[in-house]
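Note that this is a predicted model, so its numbers are computed, not measured. Any value given below was found using the heavy atoms of this structure, including those in side chains, with hydrogens, waters and symmetry copies removed. Chain letters run A, B, ... following the sequence lines, proteins first and then strands; every chain starts at 1.
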Number of protein chains: 2
Amino acid sequence: MVTIKDVAKHAGVSVATVSRVLNNNGYVGTETRKNVMAAIEELNYSPNEVARSLYKRGSRLIGLLLPDITNPFFPQLARGVEDEAGRQGFRLLLGNSDEDIEKEMDYIQTFVQNNVVGMITATNHVDYDMYQSLDLPLVLLDRTSSSYPAVYADGREGGRLAAETLIKKGAQRVTLVKGPAHVKPAVDRYRGAMEVLGEADVDFSVMSTTSYAFEEALNWAEELFQKFPETDGIIASNDIVAIAIVHEALKRGKNIPGDLQIIGYDDIPQSRLSYPPLTTIRQPAYEMGRKAAELLIQRIGHPQQEHRSIQMPVELIQRHTTRKDDQE
Amino acid sequence: MVTIKDVAKHAGVSVATVSRVLNNNGYVGTETRKNVMAAIEELNYSPNEVARSLYKRGSRLIGLLLPDITNPFFPQLARGVEDEAGRQGFRLLLGNSDEDIEKEMDYIQTFVQNNVVGMITATNHVDYDMYQSLDLPLVLLDRTSSSYPAVYADGREGGRLAAETLIKKGAQRVTLVKGPAHVKPAVDRYRGAMEVLGEADVDFSVMSTTSYAFEEALNWAEELFQKFPETDGIIASNDIVAIAIVHEALKRGKNIPGDLQIIGYDDIPQSRLSYPPLTTIRQPAYEMGRKAAELLIQRIGHPQQEHRSIQMPVELIQRHTTRKDDQE
DNA sequence: ATGTTCTATGTAACCGGTTACACAATGCAG
DNA sequence: CTGCATTGTGTAACCGGTTACATAGAACAT
């Protein structure tokens with residue numbers, strides 16, 4: 001490994017001088033600078049971030065903690081974070097928490113041990129000690145809290161929008177699929193939808209699910225049709241579940257959207273690809289990730305400044321699992 | 001931040017002793033050990049990995065470089081890598097290369113600067129200087145090379161299998177969708193399929209695609225039906241494209257698998273969810289990720305040892321975009 | 001009793017950077 | 001020409017750990 005000492009020797013100067021040209025601070029003679037640059041070039045030197053980080057007590061690393069990258073909503077978020085962070089010279093340490101506190105704590109510890117300068121986390125456990133005692137810039141992603149800045153989409157509005165849409169399009173017997181109770185955004189959506197359903201002249205039922213896992217989606221779908229075979233409008237807890245429901249409905253020979261309308265949540269990329277293409281409530285995942293990184297890096301620069309959160313708008317994406325014509 | 005000095009002072013010993021109990025080496029008296037442990041506990045100390053890494057010239061970090069985490073094949077890989085790495089006490093630095101050499105070089109540089117102890121990369125550019133001159137344990141994932149250990153699935157066999165299946169099930173006019181030419185595994189599959197098609201008594205056409213991006217998938221599908229409206233069997237370049245093709249076919253009123261059979265590649269989780277559920281060639285992505293991490297960590301322990309690669313078997317997953325009955 | 005080995009602990013060098021401080025040379029004002 | 005500010009560079013301390021080496025007492029062998 002070529003170190004700053006090698007460069008110094010090669011250029012016939014001290015390490016301090018090399019450091020000065022590297023960081024572009026302090027006084028350096030024109031000629032000297034040129035020599036040092038040449039030496040750097042020649043030895044193909046690039047400074048050890050670890051040493052740097054040790055002295056500075058801060059790296060160029062950001063910790064990103066997600067529930068599960070395997071859930072298709074998160075890669076978008078992650079990519080948004082990465083792109084923005086990368087643009088500003090930061091790299092990502094990645095962790096999957098599986099919504100498990102143990103794992104989460106583990107990751108946070110190693111993030112800190114590695115001198116990350118900030119963290120972006122999609123956690124339901126902000127109120128735990130570990131976060132309280134963490135003195136790092138932190139931003140929540142897809143979650144909220146009064147204690148930290150957050151980037152999230154308006155889940156309640158999303159839920160309302162989904163329910164309103166279904167009602168407007170003439171659904172009479174709505175089934176609302178409730179996401180896992182420990183996942184905050186899921187309950188926001190649920191509440192939003194309930195608000196609208198409660199005030200409308202429709203029958204409705206609620207079906208609870210306890211996970212967003214792929215493997216279970218088809219089971220939820222089956223269960224749904226067993227329990228509520230007569231439903232003509234379904235608000236799914238997310239797009240995965242929605243797609244599974246579409247699958248099961250077609251298998252049972254239902255006509256979509258004639259007999260049965262379905263509306264998803266998230267607008268993951270494959271929702272456009274499914275057939276019929278899924279009507280859904282869009283969360284701008286990539287953009288949310290970008291904003292979160294932006295916010296975090298801003299805070300890293302100005303830690304004292306008052307924090308602000310960003311609520312992103314949700315949007316109804318009308319495709320073909322709901323009817324074209326509104327029934328007013 | 002609480003450092004080893006604080007612990008030493010608190011326990012009334014030297015830093016060396018604290019370090020000894022931390023690392024469980026050297027001699028430490030029973031009583032002393034107890035005191036130190038107590039101090040650690042009390043101060044809630046955990047050692048700074050950065051300092052450690054500087055002296056040891058090696059961290060507990062692994063660099064993971066993927067083309068694009070947003071492509072649904074990769075989260076599985078990533079998760080496999082992460083789980084195995086995590087199990088063995090390693091953390092991941094993540095990078096998306098977009099198959100772009102510039103970005104790739106950038107990431108590799110910062111990985112090295114951060115003292116990663118190894119790298120797992122899905123690159124098509126192993127033969128570039130940057131890899132040659134890298135003296136880090138490296139394992140290729142979903143790619144191969146004679147110079148490095150690799151974990152990959154048998155693409156040629158997968159291609160053959162897809163073609164054989166379609167032929168056996170009676171397709172007469174096969175369309176082979178060729179993936180981007182710069183993506184190695186894509187061309188392996190293509191070759192495998194071609195071998196079989198070339199020797200069979202069927203007509204076939206090849207349609208080239210230049211990307212795996214979601215946004216383009218539906219365009220490829222449309223283009224396919226414009227160019228080859230009479231095809232009755234399609235070998236898609238991956239599951240995303242396959243699902244888009246199913247979409248387009250249904251939209252055009254084709255009967256699947258009656259009029260048209262489709263076979264995908266990868267077996268991403270959503271392939272089971274699509275309707276009709278997709279017949280596809282499965283690559284054990286999660287397992288591949290796990291194995292790659294395993295291999296890498298093994299090499300980190302024994303760098304001199306001769307390297308070996310692992311070829312994972314592919315598998316035909318029969319679902320409902322191909323016919324039940326074989327036509328012999 | 002003496003020498004050797006084992007146990008226990010501390011001191012200080014080291015990892016590869018950054019920067020406070022010291023010092024010298026130069027430029028410029030009076 | 002002298003004095004002070006500016007410029008250019010080196011020395012050494014520091015970041016928070018690890019470990020080579022030194023030291024000393026205890027245990028054991030002869």
Side chain to side chain contact (heavy atoms under 4.5 Å, CB included) partner of B:Ile310, chosen from B:Met288, B:Glu287, B:Lys291, B:Glu294: B:Lys291

Pairs flagged by side-chain hydrogen bond (donor to acceptor under 3.5 Å, both in side chains) wherever residues 61-81 of chain B is involved - sequence neighbours left out: A:Asp68-B:Arg79, A:Arg79-B:Asp68, A:Asp98-B:Arg79, B:Arg79-B:Asp83

Please name all residues satisfying side chain to side chain donor-acceptor pair (under 3.5 Å) with [X], sequence neighbours left out, ordered by chain then number.
{"X": "A:Asn48", "answer": "none"}
{"X": "B:Thr110", "answer": "A:Arg91"}
{"X": "B:Asn96", "answer": "none"}

ring-ring contact (aromatic ring centres under 6.0 Å, His included): pairs with one or both residues in residues 50-94 of chain B, sequence neighbours excluded: none

Sequence neighbours excluded, every pair satisfying ring-ring contact (aromatic ring centres under 6.0 Å, His included) that has a member inside residues 100-139 of chain A: A:Tyr107-A:Phe111, A:His125-A:Tyr128

Contact list for residues 51-65 of chain A, test salt bridge (Lys or Arg N to Asp or Glu O under 4.0 Å), sequence neighbours left out: A:Glu49-A:Arg52

Which atom pairs link the protein and nucleotides 3-8 of chain C when you take only N or O atoms and keep those under 3.5 Å?
residue : atom : partner : partner atom : Å
C:dT7   : OP2  : B:Tyr27 : OH           : 2.4

Estimated bend of the helix from C:dA1-D:dT30 to C:dG30-D:dC1 (axis per five terminal pairs, rounded to 10 degrees): 50°

For B:Arg33, all residues meeting salt bridge (charged side-chain N to carboxylate O under 4.0 Å, His left out), sequence neighbours excluded: none

Set of salt bridge (charged side-chain N to carboxylate O under 4.0 Å, His left out) partners for B:Asp142, sequence neighbours left out: none

Letter per nucleotide, 5' to 3', of nucleotides 15-27 of chain D [B base touched, S only sugar-phosphate touched, - untouched; heavy atoms, 4.0 Å]: BBBBBB-------

